Amino acid sequence: MNKTSKRALGLLLAAGFGWGAAASAADTLQDVMQARGLSQQDVLAAAKTYVPTGGRDEFVAFSSGGQSGQIIVYGIPSMRILKYLAVFTPEPWQGYGFDESSRKILDEGKIDGKSIAWGDTHHPAISETDGKYDGQFLFINDKANPRVAVIDLRDFETKQIVVNPIYKSEHGGTFVTPNTDYVIEAAQYAAPLESKKFYPLEQFNEKYRGGVTYWKFNRAEGRIDPAQSFSIELPPYSQDLSDAGKGPSDGWSFTNSFCAERYVGGIEKGRPPYEAGCSAKDTDYLHVINWKHAAELVAAGKAVKINGHNVLSLETAIKEGVLFLVPESKSPHGADVTPDGRFIIVSGKLDTHATVFSFEKIQAAIRAKKFESKDPYGVPVIAMADAMERQVQIGLGPLHTQFDSKPCIAYTSVYVDSQVAKWNYCDGKVLDKLSVQYNIGHLMTMEGDSETPKGHYLVALNKLAIDRFTPVGPLHPQNHQLIDISGDKMQLLYDMPLPLGEPHYAVAIEAKKLKPGVRYKVGTDSRTDKPHPGAVRAGEEKVVRKGNKLEVYGTLIRSHITPETIEAQVGDEVTIYLTNLERAEDETHGFAVSTFNVHASIEPGKTVAVKFKADKEGVYPYYCTEFCSALHLEMQGYLLVKPKGWQPVKATMATQGYTENDYRATVKKVADTQAVIDSVVGYITSVNYKDYPDVVSMVEDATDQLGKMKDAKAKAEAAAGKKDWEQANLWSEQVFQYQVKAADLGLRAKTYLEQHGAHKVAK
Ligand code: RUQ
Ligand code: CUA
């Protein structure tokens with residue numbers, strides 16, 4: 001909240017909460033506060049997060065959806081959930097996994113030929129240009145089945161899934177380099193790198209390996225290019241989080257690890273468990289990697305191929321000065337590069353400190369070849385003291401660190417203490433602590449891992465909600481807590497239950513940087529961004545049979561599906577292509593066929609295909625699944641699956657017995673409606689509507705609808721000429737339907753223009 005609005009609220013509070021006087025409800029603010037038991041602090045927090053209807057949030061957060069395999073999008077400060085992005089998991093609302101194009105994306109994520117219908121998403125990353133969020137793409141990893149997905153923020157759709165060719169699990173992804181040349185993904189639990197290769201646990205040290213992968217991102221294509229991507233083989237330390245260097249440290253990346261002990265558990269065989277063996281020593285290793293040099297070596301042919309993928313061996317990485325280690329405090333869980341790129345902050349979960357490592361000191365040690373030792377694989381180890389700038393006492397179980405817009409200010413999540421600590425990494429002073437509910441994992445400030453953090457807010461991503469919300473069974477929602485960080489002291493503003501998976505990390509971007517489209521170019525396959533081969537325009541709809549393959553090329557526009565009947569034979573392979581001909585904002589149609597497990601979400605301009613085998617005779621309704629218009633329920637049709645050898649029966653369609661009077665009444669209704677349309681059109685064309693692209697597309701859509709009237713009207717008149725009042729009345733009724741849709745659009749356009757201050761223009 002800015003100063004003026006703070007003052008305004010203060011005045012209101014001082015004036016005895018006089019809102020009620022002008023409001024239609026009898027309540028005053030004081031009444032409400034009393035009735036609901038709210039303190040002044042509560043009301044202030046509410047005012048800081050409340051976004052009135054039609055208002056927009058300042059920031060948009062993309063949160064990992066954890067085990068849901070999705071991403072959750074919400075606004076800040078309102079904490080209103082805006083969307084779930086389908087990534088690794090089928091998601092029927094968006095047709096993801098139920099239409100052909102999105103099935104192909106999920107199929108890219110197959111491993112060893114098998115479909116995997118879920119993911120454990122951890123760390124989303126927004127694409128960057130010069131170290132700043134650019135709002136173009138989003139990436140996220142799957143820890144369980146090592147994969148990375150690419151989401152295009154022009155339409156918020158998943159465009160690609162790549163499977164890591166050499167890992168069996170991963171965690172330290174996704175993190176982008178400052179110009180999104182590479183997307184970083186680090187392994188987690190070590191395993192043999194060759195796929196489907198077995199070595200016993202006794203050979204862990206020799207045959208099991210970790211690594212870090214650099215996925216080459218082709219921005220023009222909006223896709224990862226696996227052929228240009230590479231990995232660096234690492235010792236079997238459990239690599240954990242990573243971060244890319246920036247500014248002075250650009251070209252380098254940092255990956256921490258736990259279980260550098262390389263301990264192998266086995267309680268069932270009497271061995272102490274992993275948790276004991278993996279935390280026995282005082283330090284683990286921070287991997288310091290010169291990825292730019294590694295990329296040059298790969299380009300020069302120094303990589304070996306493992307499972308067809310470029311891998312720089314440990315030996316080459318050591319020899320060529322690509323890889324170094326620095327001891328870090330026990331069981332760390334975050335490696336965060338400061339916005340100025342000068343420091344890397346690492347916290348040990350089993351240590352009370354955050355360690356600030358200096359990139360400059362690390363480089364000085366490398367230049368002077370000052371190493372304290374080599375690890376068992378020959379990787380040079382820089383002494384902790386030689387790499388460290390300072391250590392700061394933070395609390396019990398410090399994990400992740402994010403940054404403020406104010407220089408040197410950092411926030412670290414403290415898991416065991418359930419706190420956020422605000423501190424200064426330049427002088428080591430701890431400035432403030434705030435309790436959160438409960439056991440915070442990651443935390444996120446606005447654009448807080450970029451070169452230009454935006455301050456304002458911090459979100460605590462808590463692992464446990466315990467008593468914060470109405471219980472909904474033993475499985476509680478997650479708790480994202482919004483914290484105001486604009487002042488010296490942190491202030492808790494809002495608890496948001498997040499009911500989908502365990503979100504790990506989240507990123508938030510200034511909302512104004514996002515520029516999603518409103519519609520596709522007519523006939524676009526949104527998953528390839530290319531023209532869909534199944535697209536047709538109005539009037540070109542057709543059904544093509546090739547042997548037992550039945551191909552339907554259809555269209556959707558309020559409020560009918562063309563065709564309205566599909567006739568198939570048992571055993572046909574049916575493909576239905578559908579193009580949404582709408583241009584108006586938010587005019588999505590859905591499409592489902594009873595009992596054939598297909599569903600599509602077809603936004604304006606999009607073309608999709610659904611495919612199934614008509615393997616049972618019967619009558620199957622299909623319909624539009626989005627309430628798109630007043631006649632949405634009538635947006636329906638029948639798939640008729642006829643048995644082999646079926647012969648037509650002698651029967652005709654029932655009639656309603658409409659008379660000439662019915663026809664005349666409908667014609668009158670049409671004439672009256674036309675008068676309304678004319679007045680709306682008169683208003684729209686009297687103002688500068690052409691300055692509003694949204695209105696122009698509504699007008700185009702309305703004109704489309706009105707354009708179709710002519711044909712229906714001619715049919716009505718021809719039938720009337722033949723005194724076929726049944727047909728005449730029905731076709732007039734269709735004229736009326738076109739009018740209704742045009743009028744609906746016209747009124748929407750009129751409201752829009754009035755609300756956006758359109759002004760009169762000379763005719
Ligand atoms: S995690 S709570 Cu990034 Cu997967 Cu730390
Ligand atoms: Cu289209 Cu409902």
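All values reported here derive from a predicted model rather than from experimental measurement.
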When you check the gap from the basic side-chain N to the acidic O, do Asp386 and Lys361 get nearer than 4.0 Å?
no
Using side-chain heavy atoms (C-beta onward) and a distance below 4.5 Å, is His400 in contact with His333?
yes
Are any of the side-chain nitrogens in Asp340 or Lys246 under 4.0 Å away from the carboxylate oxygens of its partner?
no
Glu170 with Lys143: basic N within carboxylate O range, under 4.0 Å:
no
What I want to find out is whether Glu233 reaches Arg209 closely enough, with some N-O distance under 4.0 Å, to be called a salt bridge.
yes
Under 30°, 30 to 60°, or over 60°: which ring-plane class applies to Tyr285 and Tyr237, parallel, tilted or perpendicular?
tilted
Within a strict 4.5 Å, meaning less than it, do heavy atoms of the Leu85 and Thr158 side chains meet?
no
Do any N or O atoms from the side chain of Asp120 and from the backbone of Asp142 form a donor-acceptor pair under 3.5 angstrom?
no
Would you kindly check if the NZ (Lys) or CZ (Arg) of Lys83 is within the cone defined by 45 degrees around the ring axis of Phe62 and under 6.0 Å from the six-membered ring centre?
no
Can you tell me how the ring of Tyr425 sits relative to the ring of Phe343, calling it parallel under 30°, perpendicular over 60° and tilted otherwise?
perpendicular
Which of Phe175, Phe230, Phe139, Phe217 passes ring-ring contact (aromatic ring centres under 6.0 Å, His included) with Tyr182? Answer is Phe230
Considering the options His122, Gln402, His123, which one meets the side chain to side chain donor-acceptor pair (under 3.5 Å) requirement together with His442?
His123
NZ/NE/NH1/NH2 to OD/OE distance under 4.0 Å, Arg219 and Asp181:
no
